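Note on naming: letters A, B, ... go to the chains in the order of the sequence lines (proteins, then strands), and numbering restarts at 1 for each one. All values reported here derive from a predicted model rather than from experimental measurement. Just so you know, these numbers use all the heavy atoms, side chains as well, and skip hydrogens, waters and symmetry mates.
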Amino acid sequence: MEQLGDLELLMEKSFRENVEPPAEQKVEASFSKTVLSRGVDNRYLVLAVNVVQNEEGNCEKHLIITASQLLDYKELCILRNNWCSVPVEPGDIIHLEGDCISHTWIIDEDFGYLILYPDMLISGTSIASSIRCMRRAILSETFRNSDPATRQMLIGTILHEVFQKAMSDSFDPEKLQELAFQTVQEIRHLKEMYRLNLNPDEVKQEVEEYLPSFSKWSGDFMNKCTSTDFPQMQLLLPSDGSNNNATCNIEVVKSLDIEESVWSPRFGLKGKIDVTVGVKIHRGCTTKYKIMPLELKTGKESNSIEHRSQLVLYTLLSQERRADPEAGLLLYLRTGQMYPVPAKHLDKRELLRLRNQMAFSLFHRINKSATGKEKTNLAPLPQIIDEQQTCKYCSQVGNCAVYSRAVEQQMDDNSVPVGMLPKIKEETQHLKHTHLEYFSLWCLMLTLESQSKDNKKNHQNIWLMPSSEMEQSGSCIGNLIRREHVKTVCDGQYLHNFQRKNGAIPITNLMAGDRIILSGEERTLFALSRGYVKEINMTTVTCLLDRNLSVLPESTLFRVDQEEKNCGIDTPLGNLSKLMKNTNTSQKLRDLIIDFREPQFISYLSSVLPHDAKDTVACILKGLNKPQRQAMKKVLLSKDYTLIVGMPGTGKTTTICTLVPAPEQVEKGGVSNITEAKLIVFLTSIFIKAGCNPLDIGIIAPYRQQLKIINDLLAHSSVGMVEVNTVDKYQGRDKSIILVSFVRSNKDGTPGELLKDWRRLNVAITRAKHKLILLGCVPSLYCYPPLEKLLYHLNSEKLISFLLLIFHQENMKVFVTYWVIFKEDKTLFLAFFHTSAVISIFYYL
DNA sequence: GCTCTGCTAAGAGGA
C-alpha cells in the first residue's frame with residue numbers, strides 16, 4: 001500500500017511538473033491533420049515526456065498525453081522496463097494498447113504496447129529485416145530499387161503463385177503440373193527470365209522439383225479421416241495457459257484468402273499474407289478452430305528468427321480483420337516441412353519496439369534547425385553494425401558506405417565502428433569529393449521534397465474519419481452497396497458496380513481513372529482492395545478492383561476513398577544510388593552530370609546513319625524548321641547528350657523524336673509483333689481515357705499469336721473488356737473504333753499468305769463506324785499487292801502518320817513515350833520503318 | 001491559390 005501511495009505521489013508530481021509550464025502549450029502534433037481520439041483506434045498527442053526513477057531505482061518514462069483537440073483533458077502514460085527506450089518526444093502522436101485505469105496507462109513488460117506514429121504503416125518484412133541491421137532496413141525503405149532481382153526470387157515468386165492457385169484448386173499431381181506450366185508461361189515471368197538470361201524450360205524444371213513436396217504437404221495436413229491422422233506438432237497458444245500439453249495434431253481445413261493485403265493503423269503495420277487458412281488444433285479430446293496466416297518460403301529451411309517474426313507480425317495484422325490467431329504457420333516448400341509459430345507477448349513486444357525505432361528513423365530524416373540559424377541537413381541513419389559477415393552479402397552496402405562518407409562523416413558526432421572503416425573506404429574509393437557532395441545534396445533535396453506538405457499521404461483520414469465527414473472534401477463516397485454481378489476481367493481485375501444505399505451519389509471530385517482504396521464501412525473491412533474508378537455518374541460508381549468482393553454478404557456497406565497522389569522520390573533516389581555505383585556507365589554519367597564534362601559529338605552523319613535510312617531521315621527533316629533541323633542534326637551526332645533549350649511552344653518536343661523499328665517474331669505459335677501489340681494496347685488505353693466505352697472498341701490482327709499477345713497485355717493493363725479477334729470474327733459486324741495490327745515487318749520481304757487476301761483486308765478496314773487505326777510497317781506491307789494499293793491511296797490522301805517514339809530522360813531514367821498525331825479524318829495509318837536512330841536527351845530545368 | 005506532372009506495392013531469396 002505504501003508503495004502505491006508513493007507511486008501516486010510521483011504521478012501527481014509529474015503531472016504538476018509538466019502541466020503547468022507554458023512551453024507545453026506550444027506543442028503541436030507532428031502530423032498536422034491527425035484526428036485525436038480515444039477508444040480502440042485511440043490517437044494521443046504527447047504533451048510532455050519525463051524520465052523518472054521509481055522506488056527500485058529503475059527508470060520510467062512518464063508521458064502527459066491528450067486525446068482532446070483542445071488539449072484540455074490530460075492523461076498519464078507510464079512506460080516501464082524496455083519501453084523506456086521508446087524515442088518518444090513531445091508533439092508525437094502515439095497509439096496505446098492496454099488498459100487505462102483512472103486516467104493512467106501503464107505499459108510494462110507483460111502488458112500493453114505503445115505504437116509511435118501509428119499512422120505510419122511499416123511492412124512486416126521491413127521490420128523482420130531490421131532485426132539483423134536497422135540501418136539496412138531503413139536504407140532498403142529509402143533506396144527501393146537497389147535490390148537486384150535474382151533467379152531465386154523469380155523461382156520463389158512463381159512457386160508462391162503455383163501453391164496459391166493449388167490452394168483454391170487442387171494438389172493433384174497432374175493439376176500441379178498444369179498450374180506450374182501455366183504460371184511459368186505468364187508474360188511478366190517470361191520478361192523477368194529474359195532479363196535474367198534464363199531459359200523457361202530450366203525454370204519450369206526447377207519449379208517442378210518442388211511439386212512432390214506440395215502434394216506431400218496437402219496429403220499430410222488436409223482431408224484425413226480422424227484427427228490423430230494429422231501430423232503431431234508442438235504448439236501452445238498464449239490462451240492455452242502454461243500447464244497444458246504442447247503436443248497437438250494440426251489440420252488445415254481450408255484456405256480463406258490468398259495474398260490478403262492488410263493495413264493495420266492499430267499497430268502501425270502493413271503486409272500481405274501469403275495464405276489465410278482455417279486450422280483445427282486437435283489436443284486430446286478438444287479441438288480449437290483458428291484462422292491463421294500461412295507463410296510460404298521456397299529457400300533454405302532455416303526456421304530463422306526473421307521468418308518466424310514475419311508470422312508474429314502477421315498475427316497482429318490479422319487482428320485488423322478477425323479474432324487473434326495467436327499463432328501462424330511457416331511452410332518451407334522445398335521439403336513440405338511446416339513449423340507452427342506461436343505469437344508470444346514477448347515476441348510481439350520486441351517486434352513492436354523495433355517497429356517504433358524504425359518509425360522514428362523514418363520520420364526524423366532531416367535535422368531541422370531549431371533556431372532557424374543552423375543549416376538544415378540530413379539526419380544520421382541508425383548505427384553501422386560491426387559484423388563483417390552480415391555486411392558481406394548486404395545489397396545496401398554501397399548506399400550504406402556512401403551515406404556514411406557523404407553525410408555522416410561530415411558531422412561532428414559521427415561514430416563508425418573502427419573495424420568497418422576499411423570496408424566503407426573500399427566501397428567509396430571510386431568516388432571523388434564532388435560526387436559525395438552531389439549525393440548528399442540531392443539526398444537532402446529529395447527528402448525535403450517528399451516531406452513537403454502537399455506530398456504527404458493522408459491515408460489516416462480513411463481510418464480515422466467517418467465517410468460522411470470525408471465526403472465533404474469530395475474525395476470519398478460512403479454508404480455504397482454492390483449491385484449486379486462482379487465481372488472478372490482477368491486474374492486480379494474485377495469490375496464492381498456500386499450504388500448509394502439511399503439516393504443519389506453526392507457531389508464528388510472522384511473521376512474515371514482515379515486510383516482508389518475500397519473499404520467496408522465497418523472497421524474490420526478497412527482497405528479491402530485497391531483499384532481505379534472506371535466510370536462514375538449520378539447513380540453508380542463502377543470500379544476496377546484487385547479483389548473480388550462477391551464473397552462478402554450483399555448487405556455490406558462500402559466506402560470508396562480517393563488514393564492521394566504520392567510524390568515518388570523512389571525513382572530519383574534509386575537513380576542517385578545507381579549514379580554512385582562503381583561501374584563504367586555510372587562513371588561516365590558522373591563525369592557528365594556531376595563534373596560537367598563537355599558532351600562529345602561525332603563529325604559526320606554518314607558514320608551514324610545507316611545508308612537506307614537516309615530518305616527516311618530526310619523525310620522527317622522536311623517537316624521541321626531550320627533551328628529544329630539544326631538541333632536534330634546535333635542530336636544525331638551526339639555521343640553523350642544534347643541539350644535543346646527553347647521557349648515553350650517553339651517545338652522542342654517535335655524535334656525530340658525518332659523512328660523504332662518494330663520487327664516481327666516468327667515462332668511455333670505463329671507470327672507476332674510485340675511493339676505493335678504494345679502500341680495497340682497503349683492506343684486502346686488512350687481511347688478509353690478519352691471516354692470511349694471499351695465495348696465500342698475492336699482490335700483486329702491477322703495472326704493468332706498476335707491476338708494472344710495483345711490479350712495478355714490487355715489483361716495486365718488497366719484496360720480490359722476490349723474485344724480482340726481475327727478478321728473473320730468481325731465479318732458482318734461493326735464497332736465504333738477499330739484498331740488493326742498488320743504484324744508483318746521484315747527486311748527480306750518474306751510474304752505471308754494471309755495478308756494477300758484482298759477480301760480479308762476489305763473486311764478489316766470496313767468495320768469501323770467512327771475511327772479506323774491501321775498500324776504497320778510500311779516498307780514490309782508494300783510487298784502485298786492489296787496493301788500496296790491501300791497505302792498508295794492513304795499516302796495520296798496524306799493519311800499516313802509516321803509513328804514517333806520519344807525517348808526522354810528525366811531523373812536519369814529513360815521513358816519511352818509513343819507520340820501519335822490524331823487527325824480529324826476517320827482513317828489513320830501509323831507507320832513504322834526498318835531503321836532507327838536512337839536519340840538520348842537529358843532534360844535540364 | 002489554382003492546376004498540371006510524376007505514381008502499385010510488399011516480398012520474391014541469400015548467408
Length of the line joining A:Leu362:CG and B:dA10:P, which is rounded to integer Å: 13 Å
For A:Asp257, which residues count as a salt bridge (charged side-chain N to carboxylate O under 4.0 Å, His left out) partner, sequence neighbours excluded? A:Arg547
With sequence neighbours left out, write down each residue that passes side chain to side chain donor-acceptor pair (under 3.5 Å) with A:Glu350, or none if nothing qualifies. A:Arg353
Among the nucleotides B:dG13, B:dA9, B:dG14, which one has an atom lying closest to any side-chain atom of A:Thr298? B:dG13
Can you check the A:His189 NE2 to B:dA12 P distance for me, whole Å? 12 Å
Results of side chain to side chain donor-acceptor pair (under 3.5 Å) for A:Thr390 - residues two or more places apart only: A:Glu387
Under 4.0 angstrom, heavy atoms only, what part of the nucleic acid is A:Asp546 near: base, sugar-phosphate, or nothing? nothing
For residues A:Phe163 and A:Phe171, establish whether the separation of their ring centroids is below 6.0 Å. yes
From B:dA12, B:dG11, B:dC7, nucleotide with atom closest to A:Arg515 side chain: B:dC7
Using the P atom in both, what is the distance from B:dC7 to B:dG11, to the nearest Å? 24 Å
Candidate nucleotides B:dA12, B:dG11, B:dG14, ranked by approach to the side chain of A:Thr157 - the nearest: B:dA12
Does A:Glu141 reach a base, just sugar-phosphate, or nothing at all? Heavy atoms under 4.0 Å. nothing
With sequence neighbours left out, which residue pairs that include part of residues 267-277 of chain A fulfil the salt bridge (charged side-chain N to carboxylate O under 4.0 Å, His left out) condition? none
By nearest atom, which of the nucleotides B:dA10, B:dG14, B:dG11 is closest to the A:Arg334 side chain? B:dG14
Which part of the nucleic acid, if any, lies within reach of A:Lys392 when heavy atoms closer than 4.0 Å are counted: base, sugar-phosphate only, or nothing? nothing
Which residues share a salt bridge (charged side-chain N to carboxylate O under 4.0 Å, His left out) with A:Glu208, sequence neighbours left out: A:Lys204
Sugar-phosphate only, base, or nothing, as touched by A:Ser123 at under 4.0 Å among non-hydrogen atoms: sugar-phosphate
List DNA chain B stems (3 or more consecutive Watson-Crick/G-U pairs, under 3.5 Å)? none
